[in-house]
Amino acid sequence: MSLEKTPAETCVLVTGGAGFIGSHTVVELLEGGYQVVIVDDLSNASEKVLGRIAQIVGAEAAERLSFIRADVADRDALETVFETFAIDRVIHFAGFKAVGESVSKPIEYYSNNLGNTLVLVDVMRAYGCKDIVFSSSATVYGDPDALPLTELSPKKMATNPYGWTKWMIEQILSDLVVADPAWNVVLLRYFNPIGAHGSGLIGEDPKGIPNNLLPYVAQVAVGKRDCVHVFGNDYDTPDGTGVRDYIHVVDLAAGHVAALAWMNGRTGCEIFNLGTGTGTSVLEIVKAFSAACGRELPYVIEARRPGDVTANWADCTKAHELMGWTAKRGIAEMCRDSWNWQSHNPDGYED
Ligand code: WQD
């Protein structure tokens, strides 16, 4: 049983806290009064994020933030973290996340994502810390039979190794609770996180050609790419393009803070969808981003991308009823904040 503590008394280890969702979550945690320790190996993140986080939250709150550069799979390093800090809860973001890359590098994906989770929970157990929030994905629902998706919708076959790692880590963490009811596990299934912090100081910084729609559209808007490639316009949707539940990354980050507060003093395993409950098509995104950046963004229709589902969106009633959380920001704000970040940081965190 985890002890009930106030945020000021609670030290949260955030693995992958320098990444896109991690950095936004760290901001919300610091603003919520928590003590935060980031463990990140910076393999897909920049150290500059730390200065930006401090700029957003201010010097006083930034004093509650520590950063350790380490791979979560490095047991010795992780043990040192638990020796140094009295970690109460863990939010586990660290992992490889490129869907396409996972198909060509399955060993690396299984080894890294499953391996680091197993080391993490083993070290947590050794130090008596059994509270974990896991960064899962709506990808575990596969191709849905019915919409909206609730937490009771069936998990389906994943279509790539990345998706399988999310699927399997959910299983591993729920098995932990069966074996030892003192564990306190929250699985957060994200829909499609986009946008950026309203300050424009932190945002998504993909390496190379972006795989996801929003960073690609943002790079077209800033002139780094010629036009948006729309993958298929013959889906069974109102305009024929794929429909997703896009959620502002700051709302998503707030969902983690809500989860930490909700799990305080509990045990067991609980699953929450984090989305908005609204589906938006690819063409609607192109239009909304065009409005945000003040220019009609060019696009071409291409063939469908293998592995894509037609549509998905969430039913987030459970998160609202149990945790009191609901997404507040709409597509226009997501595109505005994404554009604000991209136009002020055309090369992301690079100089
Ligand atoms: C959205 C829509 C595409 C790019 C993936 C992962 C998921 C999660 C988020 C994160 C689809 C279309 C895309 C482009 C396009 N993981 N599209 N042109 O596939 O819903 O979810 O990212 O780390 O697990 O599967 O997101 O942004 O790639 O695609 O037309 O250049 O945009 O076909 O309909 P997806 P996405």
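Quick caveat, the model's predicted, so the values are computed rather than measured. The first residue of the sequence shown is numbered 1, and numbering continues consecutively from there. Numbering of ligands and ligand atoms starts at 1, following listing order.
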G242: numbered ligand 1 atoms lying under 4.0 Å from its heavy atoms: 34 (O)
Does Y235 come within less than 4.0 angstrom of ligand 1, counting non-hydrogen atoms of the residue? no
Residue pair E270, W262: steps toward the side chain to side chain contact (heavy atoms under 4.5 Å, CB included) verdict: CA-CA 10 Å; E270 210 66 59; W262 178 80; 3.5 Å; yes
List the closest protein heavy-atom neighbour of atom 33 (O) of ligand 1: residue, atom name, distance to the nearest 0.1 Å. D308 OD2, 2.5 Å
Would M168 and N113 count as a side chain to side chain contact (heavy atoms under 4.5 Å, CB included) here? Give the steps. CA-CA 10 Å; M168 290 176 189; N113 293 7; over 6 Å; no
One pair to check against salt bridge (Lys or Arg N to Asp or Glu O under 4.0 Å): R304 and D234. What are the steps and the verdict? CA-CA 8 Å; R304 291 183 179 194; D234 57 351; 2.9 Å; yes
Nearest non-hydrogen protein atom to atom 1 (C) of ligand 1, with distance, is Y246 OH, 3.4 Å
Atom indices of ligand 1, in the order listed, that fall short of 4.0 Å to a heavy atom of S137: 24 (O)
Among all protein heavy atoms, pick the one closest to atom 6 (C) of ligand 1 and tell me residue, atom and distance. V99 CG2, 3.7 Å
Residue, atom name and distance, where the atom is the protein heavy atom closest to atom 35 (P) of ligand 1: N192 ND2, 3.5 Å
Give a yes-or-no answer on whether the side chains of R52 and N345 include a donor-acceptor pair shorter than 3.5 Å. yes
Contact atoms of ligand 1, heavy-atom distance to H229 under 4.0 Å: 14 (C), 15 (C), 18 (N), 30 (O), 31 (O)
Shared hydrophobic cluster, L213 / V220 (ILVMFWY, side-chain heavy atoms < 4.5 Å): yes
Could you name the option among R244, R189, Q219 that has the heavy atom nearest to atom 20 (O) of ligand 1? R244
Just by distance, no angles: are the side chains of E101 and Y109 close enough, under 3.5 Å, to form a donor-acceptor pair? yes
Could you tell me which atoms of ligand 1, counted from 1 in the order shown, lie closer than 4.0 angstrom to a heavy atom of V230? 30 (O)
Tell me which protein heavy atom sits closest to atom 10 (C) of ligand 1, plus the residue, atom name and distance to 0.1 Å. Y162 OH, 3.5 Å
Is there a path of hydrophobic side-chain contacts, each under 4.5 Å between heavy atoms, that joins Y349 and V249? yes
What's the shortest distance from atom 5 (C) of ligand 1 to any protein heavy atom, and which residue and atom give it? N212 ND2, 3.6 Å
Does any donor atom in the side chain of E79 or Y127 lie under 3.5 Å from an acceptor atom in the other side chain? no
Which residue holds the protein heavy atom closest to atom 13 (C) of ligand 1, what is that atom called, and what is the gap in Å? L213 CB, 3.7 Å
Go through ligand 1 atom by atom and flag the ones less than 4.0 Å from a non-hydrogen atom of N211. 4 (C), 28 (O)
Looking only at protein heavy atoms, which one is nearest to atom 19 (O) of ligand 1, and how far off is it? R305 NH2, 3.0 Å
Are the side chains of L252 and H24 in contact, using a 4.5 Å heavy-atom criterion? no
Describe, in one word, how the ring planes of F289 and W339 are oriented to each other, choosing from parallel (under 30°), tilted (30 to 60°) and perpendicular (over 60°). perpendicular
